[in-house]
Every structure is written in structure tokens, then in C-alpha cells.
Amino acid sequence: MSDNGATPFPTQLAVSCGFCCGTTDVNWFCKSCPGSLCNTCKMSHPSYPVFKNHIVVPRTNDVMRLYGPSKIAEQCRLHPEKEISTYCIDCQVPCCATCQVQKHKKHDISTIEDAYLSAENRLNDNVKELEKNVIPTIDKMADKTKKDRSEKRVRIDRVREEVNAFRKELKEAVDESCDYLIEKLEHDETELDNLITKLNVQKGKIHELIKEVNEIIQKGDLSMIKYSPPSPSTFIPEVPTPRSTIPVFSPRRDILTIIKERIGTVEWTEINPESKHAPIPTAKFDPSMININKVGSFNSEIDATSITTAGNNTAWVMDTVRDTMYLYDSSGKVVRSITVKDSNGIYDMVIRRSGEMIVTCWDRKVRRVSVSGEVSTLIDTSPCMPDGVCLTDSEDVVCMSDQDKKNNHLAVYSPDTGRKLREIRGIDGQGKQQITVLYCVVSNGKDLYVVNRDPYHVVCVDERGDVRWVYDGREAKLTRSFDPRGISVDKYNNLLVTDYYNSCIHYIDREGRLIQIILTQEQTGLSRPWGICVDDKTGQVWVWNGLGNVVICKYLS
């Protein structure tokens, strides 16, 4: 047993002290050396100046799991001859002793083992949260959905029978009308056949009369003088004069439209109205987590319209003037660029799970860009302008159709064929259209969040197109009017909306309520923010502002 009662690390072989080589009372471990210590050497270890700041801890299971013989040392990438021994909390990177002195001298530093244990505990907490709250919530939603399906199944079968009965009735009516037309044609055809028969009978009578007259003429007797044949006019039959016209069928082509309109529609009623806007399970959010920390910034020197994270501390920035997308890393280095030729300007983009990119262009085309950089046209949105773009949870493409104020809407397309699936106009409960002049759009997988420019507000519509809420910025009580330009959604389903005039970010929850104004000019130096995107893996937010530079910040602890 160690001096403080900690459970010693069990071994099958005798453990020796790293200094006196003794095997008695080896209950301590020096993290800095690293090495095992007996009770005697533990007492004398700090007396040496070189060992003065070393960290000595009880030799417990947790310590030896991290430091023991099974530990695999990891080398520093910048200094391969050095092992990683510390972790910079400010920069969130592991580093060796040389890195610590050169790049992280005044930063908050912890041992790599403490950082490892902290990360392990955090991940364990996340797993517990998923197991305790998220999975039961999903199970509950699944059970409720199954119940709804069972209840709706009965009604669906009944409506299906009604539709099929109406189909049969409609088909019988069509068959009856068409049978009448065919019967009329066949009657006219029979009349013509009867006329031909009458003409042939009269023609036969005329041939018999001609034969009789010829025989009388051949006899040459005086009876020919007294013979009086019937008048030729008596052989003309009393039948209608044959007409040279032929029947022409002129169907009413609009009947198909009339039938579709008059057949009607199937309307749905909510079985469980209270679950109409059931919350989508997300990571657990606490406002106390908000902690602003500027990570870095760099000049982009391009006329950008939007910015999209691409993982690995990189983000795509759209340059509408050069028709080019630039992939920047966090230091401002251009990692890659792709030019979309003959696009007349590119505006926005979104990345599919496969890595393929969907790009909106000002020549009224939506193009796909493969991972290798090959460009092809997916959608022609003429005459509408497809400005902002996002994906639903099924990866349907949602882009804005900017035509005129009355006809602007969101259009949903198939990501594979480009076929238009439906339109969303954002009509609220009072029949007012809230989507008028669209600017950009994002999705949390279910709901769509639209930045509207006239009036200036953010509109949330569900997957059916119903307006859930409208945020106009008044709640923030800022000195200047709300001017939203960019929007992004994080893993908590909260929204980050750039406010151009007020040089800040509105942090809004999933129900359209303001959580807090963050990333102000005083906090980060941000000025006239425009495009914005969140990298959930790093917890960083990238903001492009009107001055042509990109600011990278952490906004949550």
C-alpha cells in the first residue's frame, strides 16, 4: 500500500526503482522522467535541481495505464526526435518540449496525460448522454411513429378504396362516352353500306331494261313503235346524296386537366398535433458553454460571397469575380482551387457526404463538382436565379429561386437527376408570404432557415413548407437595424447569423429565440461580417467579413 492509500499497480514481476534499482516499496511514479520510484528515492527526488519541477504521483492503475510499459510514445511532427509530452489548451494541439518553448510559451499548458484523461472523460460523458437521453428519445419517437403509422394505415386503406371506386366510376363514364362515339361512327358506316346496296339494285334493274330494249330493237317489227320503256328518272333511288367528307375526331385535350382538377386531392390530418414540431435530438447545450476565443485570422483578398467548412481545419471560399473556389487552411494558405468556367459568377456551395460539391451559378445553372474537380450541369433553374443552396437529410438539393418579389421561393431538386420535386413559398398561418427576397439558406436536416432581405429577417420553415417562426433581430436591442447576411447551424441546432451593420453574430436557438450576441467587434475585431460556417469537429467558426479577411474563433468551451 502506498503512503496515501492509493491502490498500487499490479504486476506479475517485481518492479524495480528507476534510481536505486531496489524492489521494495516501489509505490511512486515520476511523470516527467518518466520512471518508477521507491519511497526513499521519492523523498530525495525533488532535492536534485534538475528534478525540482518533476511531477511525482502514486503508482496507480490509471497512471501506469498511461505511462507503463504498454504506453507507445508518439513523436512530434515538427520535431521527430522529440516525444509529445504536453498539450496546449489555447491552441488545442499536442506538442513537445521544443514546441512548448517556441510556439506556446505564454499559453495555458497541461500534461498530455491530463489532456488524454480529460478527453477520455468527455467522450465517456458524451456516450453516457447518448445512451441516457438521445437513444431513449429516438426510441420514443420511433414507437410514436409506429403507432401513428398503425393508426394512419386504417385511414389510408379506406381512402385507397374510395380512390379506386372513383377510378372505376370515372372509367365507366369515359367508356360510355367513347362507346357512344364508336357506335355513331358504326351507324354512319352502315348507312353508307345500305346506300351502296340500293345503288347496286337500281343498277341491276337498268341493265335488265337495257337488255329488254335491245331485244325489241333486234326484232325489227312494228311493236317497237308502240313500246314505251320506263322513264330513266324512275331508276334514280330515293337515298341521300353521297357526301365526300370523312369523319374527324377532335378530342378535348383540356379534359385531362379538368379531370385532374376535379378528381381532387388526398388531405392529411395530424393524428398527434402536439408532435408536429417535435424537437430533433441534438447534443446537450448549456448557455454557460459560450466562451469567445479568437484562434486566428488571414486576408483572403477576394470578392467572396460565401464560405463553407471542408474538414481538417480548411474551408472553401467562393470568389464570384474569378468564378473560382479557393480552399484555405487555418493559416491562410490556399490548399486547392477549382474554377467553374462560363458560370457568369458563382455564389454558394454545399458538400455532399460523398465529397461531391453542389455549386450555384449566376448563369441560372446549378453545377456539380466531383472530388477530382470535374464540373457538370445538374439543374437549369431558368428564369430564376439559384442563389443560396443547402441539403436536406436525404440530400435533396434546396436552392433559392430569385425571380421577383411575389414569385420568389425555395425549390427542392433531386441530387442525382436534377428533377424538380417541389416548391416552398413560406406562407405563415395568416396567409402572408414570409419568403420574399431570399439571400441564403441552411438546413439542420429537417427545418430550413432562410435569410430574407426585404424585410430583413430569418425565416424557419419545416419540411412541409409551413413557417415555424420569424426572427427580426429586435430582441437584441442593438443600436443599428438588423442586417443578416450569412447563416450557419451548429451541432446543437443553434443558428449563427451574421449582422453586417452591427458587426456581430446573433446566436439563436432552434425555436428562433436569441441566446446571446457573440463574436462582437470588441471581442474579435470582426468588422462587417458576411459569410459564416461552423466546423463541428473542431468547434470553430469561420467568418468572412466585408474587409476581405477571414476570422477564425472558438465560441463554445
Side-chain angles (χ1 to χ4, degrees), residues 62 65 87 89 92 110 114-152 270-293 309 311 353 390-396 442-449 458 460-464 466-469 471 475 487-497 505-519 532-541 553-557:
D62 288 339
R65 180 166 55 85
Y87 183 80
I89 298 175
Q92 294 188 333
S110 74
D114 289 343
Y116 178 89
L117 288 175
S118 175
E120 184 179 49
N121 292 334
R122 186 173 65 254
L123 292 175
N124 286 330
D125 290 342
N126 287 341
V127 171
K128 291 177 182 177
E129 174 70 19
L130 290 172
E131 293 176 344
K132 180 180 178 181
N133 296 324
V134 178
I135 291 179
T137 300
I138 293 175
D139 289 340
K140 185 177 179 181
M141 294 176 68
D143 292 340
K144 200 169 189 179
T145 303
K146 290 178 181 178
K147 182 179 178 181
D148 287 350
R149 184 186 184 280
S150 178
E151 294 176 359
K152 289 181 179 180
E270 294 289 338
I271 293 178
N272 295 305
E274 72 278 3
S275 64
K276 180 177 180 181
H277 296 307
I280 301 169
T282 60
K284 189 175 181 180
F285 173 75
D286 184 347
S288 63
M289 297 166 58
I290 298 175
N291 182 21
I292 309 302
N293 181 21
T309 55
R353 286 187 284 268
C390 70
L391 298 174
T392 66
D393 57 352
S394 60
E395 290 209 320
D396 289 339
V442 294
S443 171
N444 67 355
K446 296 291 185 183
D447 294 337
L448 298 171
Y449 305 103
V458 177
C460 173
V461 295
D462 61 21
E463 55 188 345
R464 299 184 306 180
D466 296 333
V467 174
R468 289 191 55 203
W469 51 260
Y471 175 83
E475 189 178 350
I487 188 169
S488 185
V489 59
D490 65 14
K491 65 181 179 181
Y492 300 101
N493 266 349
N494 295 330
L495 296 173
L496 294 92
V497 182
I505 307 298
H506 293 239
Y507 195 36
I508 309 168
D509 69 14
R510 72 188 74 170
E511 299 302 326
R513 296 169 299 212
L514 177 66
I515 300 173
Q516 188 175 317
I517 295 297
I518 62 174
L519 303 184
I532 186 171
C533 59
V534 177
D535 188 340
D536 287 332
K537 291 184 178 180
T538 62
Q540 296 178 349
V541 57
C553 299
K554 283 185 67 67
Y555 65 103
L556 299 176
S557 59

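All values reported here derive from a predicted model rather than from experimental measurement. Quick note: residue numbers are just sequence positions, from 1.
- Considering only residues two or more places apart in sequence or on other chains, S557 meets the side-chain contact (heavy atoms from CB on, under 4.5 Å) condition with M289, N291.
- L556 has its side chain within reach of I290: a pair of non-hydrogen atoms, C-beta onward, lies under 4.5 Å apart.
- Of all the heavy atoms in D393 and R353, the pair that sits closest is O-NH2, 3.5 Å.
- Judged as a side-chain contact (heavy atoms from CB on, under 4.5 Å), and not counting sequence neighbours, the contacts of R122 are S118, A119, N126.
- N493 places no side-chain N or O within donor-acceptor distance of the main-chain N or O of R510, the cut-off being under 3.5 Å.
- Partners of D509 under the side chain to side chain donor-acceptor pair (under 3.5 Å) rule, at least two apart in sequence or in another chain, are R513.
- In this structure, R468 and D447 have side chains that are in contact, with non-hydrogen atoms separated by less than 4.5 Å.
- Under the side-chain contact (heavy atoms from CB on, under 4.5 Å) criterion, S110 pairs with Y87, I89, A115, not counting sequence neighbours.
- Interatomic distance, CD1 of I138 versus CG of L130, reported as 8.5 Å (0.5 Å rounding).
- Residues meeting the side chain to side chain donor-acceptor pair (under 3.5 Å) test with S394, sequence neighbours left out: T392, D396.
- The structure places CD of E129 at 13.5 Å from CG of N124, a figure rounded to the nearest 0.5 Å.
- Residue C533 comes nearest to T309 through the heavy atom pair SG-CG2, 3.2 Å, listed as atom of the first residue, atom of the second, then distance.
- One distance of note links CG of D535 with OG of S488; it measures 10.0 Å at 0.5 Å rounding.
- Using a 4.5 Å heavy-atom cutoff, the side chains of Y449 and N444 are in contact.
- In this structure, Q92 and K554 approach most closely via the heavy-atom pair NE2-CE, 3.1 Å.
- Here the side chain of S150 pairs no donor or acceptor atom with the backbone of K146 at under 3.5 angstrom.
- Atom NZ of K132 sits about 11.5 Å away from atom OG1 of T137, to the nearest 0.5 Å.
- Counting only heavy atoms from C-beta outward, the side chains of V534 and V489 never approach each other to under 4.5 Å.
- In this structure, NZ on K491 lies 6.5 Å from CG on D536, to the nearest 0.5 angstrom.
- Under the rule for a ring pair (Phe, Tyr, Trp, His ring centres under 6.0 Å), the partners of Y555 that lie at least two apart in sequence or sit in another chain are Y507.
- A heavy-atom distance below 4.5 Å is not found between the side chains of Y471 and L495.
- Residues S443 and L448 share a closest heavy-atom pair of CB-CD2, 3.6 Å.
- Going from atom CD1 of I292 over to atom CD1 of I505 covers 9.5 Å, rounded to the nearest 0.5 Å.
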